[in-house]
Protein chains: 2
Amino acid sequence: MRPPKVLEEDVLESLTKVFREKGYEGASLSDLAEATNLKKASLYHRFPKGKQAMAEAVLQNVNKWVQENIFSVLQNEILTPEERLKNALSQISVLYSAGEETCIFRALSMRVGLELFEEQINSGMQLWIINFKEIGIELNFEEDEALDLALQTLIEIQGALVVSRTMRDKNIFSQTLQKIETRYLHRFL
Amino acid sequence: MRPPKVLEEDVLESLTKVFREKGYEGASLSDLAEATNLKKASLYHRFPKGKQAMAEAVLQNVNKWVQENIFSVLQNEILTPEERLKNALSQISVLYSAGEETCIFRALSMRVGLELFEEQINSGMQLWIINFKEIGIELNFEEDEALDLALQTLIEIQGALVVSRTMRDKNIFSQTLQKIETRYLHRFL
DNA sequence: GTCTATAGCTAGATAGAC
DNA sequence: GTCTATCTAGCTATAGAC
């Protein structure tokens, strides 16, 4: 067992970057090899099932990051619900580099990607809804209000990422996060 | 001058469908030829500059449709501002097939597409902002409120398209359009 | 204007040396 | 575990007959 030239986690990070920027079909194995600093054959050694397995590993790794850095923060009973929400929103800003990077779900949700990764994308989105609904309930919203608010939160995050990218204005993203916080904490807008 | 086998407008419609579903890099010339019912060489006869020119023509054609069916409706002084807004929102639902089809800007806004079509995408988005700001002003919002509202409208439309697609629930899109209408007409939410 | 045929290249994937 | 070299299939694009 020879030691790896590049750590598994660094490989995943590089793969994630390429899939986010170029999408599933736009990301070529040459792109992926170059980004990871490995040759194509070495990438295949790590992922014998090929490109699809690389994208699946990326999705799994992002989901894990989100669970550890966002959902678990929302559920952390040591903090007040207000603090949890604020911390989670600031981690969301980290996840998307303040609006500069796209959502991996979106990047992989063109026709081919959606067919290949439907389950992971779908269940990943459901978790966002569940966790944001729960924090809404803890902030004293009614159950159906909390569900609407969670859905609205996802819509605004995704929309702000698209609009701030296509209009090349990342303030749009940070303003949207601020608006979400205000709505949860002050019940208006 | 031999008569064309397929009308120019039908070719554009088919090309649009493929680029929306698969994105720029995911759309192969084989896909495009099959969808238009033309052979690859015939497509090159119509678009001598190749695939990039096809996507540019698609963008131009969509922008024209939006101008004629959405922006001009918003500006139609024969109708009240309320009627104009309602009509425009219902045309938006047509544009996206009630949430089943994606936005062409989004489909072409991965790295490569955004580099190639930045100008058209950027100016297209600006027009949405301008037109929705104007209808807000006509509905008696202050100028800066109207701008915020226009931006929020774009964000929600784009976000609802992403979320309703990734969660496979197109009600999300129609509910969002309803919410936008309510906010413009009744000044809450 | 449309087609068949094909050029030249890059894609994803594999074999086998080290 | 990583590499060079290579396979086949698909890609964008073009030539030239009809």
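Note on naming: letters A, B, ... go to the chains in the order of the sequence lines (proteins, then strands), and numbering restarts at 1 for each one. Please read these numbers as outputs of a predicted model, since none were measured by experiment.
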Could you state the atom-to-atom distance from NE2 of B:H45 to C1' of D:dA13 in whole Å?
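After rounding, the reported distance stands at 16 Å.
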
d(CG, B:L43; P, D:dT14) in whole Å
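Atom CG in B:L43 sits about 13 Å away from atom P in D:dT14.
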
Can you give me every donor-acceptor pair (side chain of residues 65-73 of chain B, partner residue at least two apart or in another chain, under 3.5 Å) with its distance?
residue	atom	partner	partner atom	Å
B:N69	ND2	B:W65	O	2.9
B:S72	OG	B:E68	O	2.7

Under 4.0 Å protein heavy-atom contacts per nucleotide of nucleotides 11-18 of chain C, with B for base, S for backbone only and - for none:
SBBBB---

Any residue of residues 4-17 of chain A with a heavy atom less than 4.0 Å from an atom of DNA chain D:
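The answer is A:P4, A:K5, A:V6.
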
Extract all donor-acceptor atom pairs below 3.5 Å that involve side chains of residues 39-47 of chain A and protein atoms in other chains or at least two apart in sequence.
residue	atom	partner	partner atom	Å
A:R46	NH1	A:V6	O	3.1
A:R46	NH2	A:V6	O	2.7

Going by ring-ring contact (aromatic ring centres under 6.0 Å, His included), name the residues that satisfy it together with A:F117, two or more places apart in sequence or in a different chain.
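For A:F117 the ring-ring contact (aromatic ring centres under 6.0 Å, His included) partners, ignoring immediate neighbours, are A:Y24.
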
Any pair with a residue in [range] that passes side chain to side chain donor-acceptor pair (under 3.5 Å), sequence neighbours left out, goes on the list, sorted by first then second residue, please.
| range | answer |
| --- | --- |
| residues 1-13 of chain B | none |
| residues 83-97 of chain B | B:T80-B:E83, B:R84-B:E138, B:S97-B:E101 |
| residues 110-120 of chain A | A:R111-A:E115, A:R111-B:E21, A:E118-B:R168 |

Check whether any side-chain N or O of A:S42 sits under 4.0 Å from OP1 or OP2 of D:dG1, and answer yes or no.
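So the side-chain polar atoms of A:S42 never come under 4.0 Å of the phosphate oxygens OP1 or OP2 of D:dG1.
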
With sequence neighbours excluded, tell me which residues meet side chain to side chain donor-acceptor pair (under 3.5 Å) with A:E145.
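Result, side chain to side chain donor-acceptor pair (under 3.5 Å) vs A:E145: none returned.
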
Got a salt bridge between A:E56 and A:K49, using NZ or NE/NH1/NH2 to carboxylate O under 4.0 Å?
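No.
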
